[in-house]
Number of protein chains: 2
Amino acid sequence: MEEAAVLLKQKGLKVTPQRLAILNLLRNTKEHPTAETIYKKLVSDFPTMSLATVYKTLEVLKNIGLIQELNVGEGSFRYDANTNSHTHLVCFGCGKVEDLDESVLQNLIEEAKKHTDYKLVEQKLYFYGYCPACQKMLSN
Amino acid sequence: MEEAAVLLKQKGLKVTPQRLAILNLLRNTKEHPTAETIYKKLVSDFPTMSLATVYKTLEVLKNIGLIQELNVGEGSFRYDANTNSHTHLVCFGCGKVEDLDESVLQNLIEEAKKHTDYKLVEQKLYFYGYCPACQKMLSN
DNA sequence: TATTAAAAGAAAAATATTATCTTTTATGAA
DNA sequence: TTCATAAAAGATAATATTTTTCTTTTAATA
């Protein structure tokens, strides 16, 4: 059995096709979709799927630590199956949200701890700018 | 005349008591309020003030660069008269949002530029954890 | 295979934000 | 200083996103 299924069972939660489908979709995309986008992508495979199920499933998956919720400053949340405290790139041009390789920013939280008396547990770092394609468009 | 008033005029926008009040409120608080909170604080001084006016004003102030919009992962936006790309601390306990002195994180964007072909223009960095008061509460 | 608690699905409700329309007001000209 | 007017304020409706409620269906265990 897949480790996500094991984790769900451990928490006393049911392993449903919808839950696995939403998790797998998030694991197989790099585009950090919204609930709406997830719904639209799954409704062909799951014609009875409801948007409420997507929201409820995302809540569950978030609570058991299988996904994380992002908000890059749009009207809605995006979801990411990479639960590491990694950095995101947001394109002002097309609005896409990508991951940034974090090697150099690794110890950001350690550095920040020196400057606050908060007990820090995680961070969210968003960079905003223009992706290569949008840069090209703008220069024409 | 105050520089905010000058800036509004330069952009062909009217200098209204509501706009100045919202900007001043943001400049005199460290709590990064939401539109709702701003409205509640101003409605005693401006009994006719409408929530729509708060939203429209925040949009205007944001567009001319006098304030910035934050989203730390709540259902709503917060606003900040400090328009520098500075770092925020979010308390998981009480939900308050504070500023973090940024001295060490100054060159974050420069560092990130080495790792992406995006043209970066700004960043948002949120740290999450527990403020001193909430740490104390939790340890009891 | 039957039982049952939990999840899915449908629909309504709640929230946050934006848009529309009318009234009021800031601003610049007379 | 008053007047004209375009823009903003204010009231309200609309929209969008998310959550809740309720009924039906299903996963999991006996």
Side-chain angles (χ1 to χ4, degrees), chain A residues 1-2 4-23 25 32-40 42-64 66-79 95, chain B residues 1-2 4-23 25 32-40 42-64 66-79 95:
Chain A
M1 186 161 49
E2 206 212 329
V6 174
L7 186 57
L8 283 165
K9 290 215 169 184
Q10 277 176 0
K11 305 269 179 177
L13 299 164
K14 287 188 180 172
V15 181
T16 67
Q18 292 89 339
R19 285 177 175 173
L20 296 178
I22 289 171
L23 181 60
L25 183 150
H32 310 85
T34 62
E36 179 76 28
T37 307
I38 293 167
Y39 171 73
K40 283 182 182 158
L42 289 178
V43 78
S44 50
D45 286 342
F46 296 81
T48 82
M49 167 89 72
S50 140
L51 190 53
T53 298
V54 176
Y55 276 108
K56 282 185 277 196
T57 300
L58 291 169
E59 178 72 15
V60 166
L61 295 176
K62 187 178 69 176
N63 289 341
I64 63 178
L66 285 173
I67 64 172
Q68 69 168 306
E69 194 175 58
L70 312 179
N71 195 310
V72 302
E74 301 161 312
S76 49
F77 289 96
R78 289 170 176 265
Y79 297 88
Chain B
M1 186 161 46
E2 206 212 328
V6 174
L7 185 57
L8 282 165
K9 290 215 169 185
Q10 276 175 0
K11 305 268 181 177
L13 298 163
K14 287 187 180 172
V15 180
T16 67
Q18 292 88 339
R19 284 176 175 174
L20 296 179
I22 290 170
L23 181 60
L25 183 148
H32 311 85
T34 62
E36 180 76 27
T37 306
I38 294 168
Y39 171 73
K40 283 182 181 158
L42 288 178
V43 78
S44 49
D45 287 343
F46 296 81
T48 82
M49 168 89 71
S50 142
L51 189 52
T53 299
V54 176
Y55 276 107
K56 282 185 278 195
T57 299
L58 291 169
E59 177 73 14
V60 166
L61 295 176
K62 186 178 68 175
N63 288 342
I64 63 179
L66 285 173
I67 64 172
Q68 69 167 306
E69 195 174 58
L70 311 179
N71 194 309
V72 303
E74 300 162 313
S76 48
F77 289 96
R78 289 170 176 265
Y79 296 88

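Reminder, nothing fancy here: chain letters follow the sequence lines and each chain counts from 1. Here the structure is a predicted model, which means the values were calculated and not measured.
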(request) Could you say whether Pro17(B) or Glu36(B) is positioned toward the 5' end of DNA chain C, judged by the nucleotide with the nearest heavy atom to each? (result) Glu36(B)

(message) For Val60(A) and Pro47(A), find the nucleotide of DNA chain C closest to each by heavy atoms; which residue's nucleotide sits nearer the 5' end?
(response) Val60(A)

(request) Take Ile38(A) and Thr57(A) through the test side-chain contact (heavy atoms from CB on, under 4.5 Å) and record every step on the way to the result. (result) CA-CA 11 Å; Ile38(A) 293 167; Thr57(A) 300; over 6 Å; no

(message) Regarding Glu59(A) and Lys62(A), does a basic nitrogen lie under 4.0 Å from an acidic carboxylate oxygen?
(response) yes

What nucleotide, of [options], holds the atom closest to the side chain of [X]?
{"X": "Ser50(B)", "options": "dT18(D), dA6(D), dA11(D)", "result": "dA11(D)"}
{"X": "Tyr55(A)", "options": "dA28(D), dT18(D), dA10(C)", "result": "dT18(D)"}
{"X": "Thr16(A)", "options": "dA8(C), dG9(C), dA8(D)", "result": "dA8(C)"}
{"X": "Ser76(A)", "options": "dA9(D), dA28(D), dT18(D)", "result": "dT18(D)"}

Given atom [atom1] of [X] and atom [atom2] of [N], what is their separation to the nearest angstrom?
{"X": "Leu51(B)", "N": "dA13(D)", "atom1": "CG", "atom2": "P", "value": "15 Å"}
{"X": "Glu69(A)", "N": "dT17(D)", "atom1": "CD", "atom2": "C1'", "value": "12 Å"}
{"X": "Ile64(B)", "N": "dA8(D)", "atom1": "CD1", "atom2": "C1'", "value": "14 Å"}
{"X": "Leu20(B)", "N": "dA26(C)", "atom1": "CG", "atom2": "C1'", "value": "12 Å"}
{"X": "Tyr79(A)", "N": "dT17(D)", "atom1": "OH", "atom2": "P", "value": "12 Å"}
{"X": "Phe46(A)", "N": "dT26(D)", "atom1": "CZ", "atom2": "P", "value": "13 Å"}
{"X": "Leu58(B)", "N": "dA8(D)", "atom1": "CG", "atom2": "C1'", "value": "15 Å"}
{"X": "Leu8(A)", "N": "dT26(D)", "atom1": "CG", "atom2": "P", "value": "19 Å"}

(request) Starting from the 5' end of DNA chain D, give me the residue, Ala52(B) or Gln18(B), whose nearest nucleotide shows up first. (result) Gln18(B)

(request) Could you point out which residue of Thr16(B), Leu66(B), Val54(B) forms a side chain to side chain contact (heavy atoms under 4.5 Å, CB included) with Ile22(B)? (result) Val54(B)

(request) Decide yes or no, distance alone: a donor-acceptor N/O pair under 3.5 angstrom between the base of dA8(D) and the side-chain of Lys56(B). (result) no

(request) Please check the phosphate of dG10(D) (OP1 and OP2 only) for any side-chain N or O of Thr53(B) closer than 4.0 Å. (result) yes

(request) For the residue pair Tyr79(A) and Gln68(A), confirm or rule out a side-chain donor-acceptor distance under 3.5 Å. (result) no

(message) Do Arg19(A) and Val15(A) have side chains that approach each other closer than 4.5 Å (heavy atoms only, starting at C-beta)?
(response) no

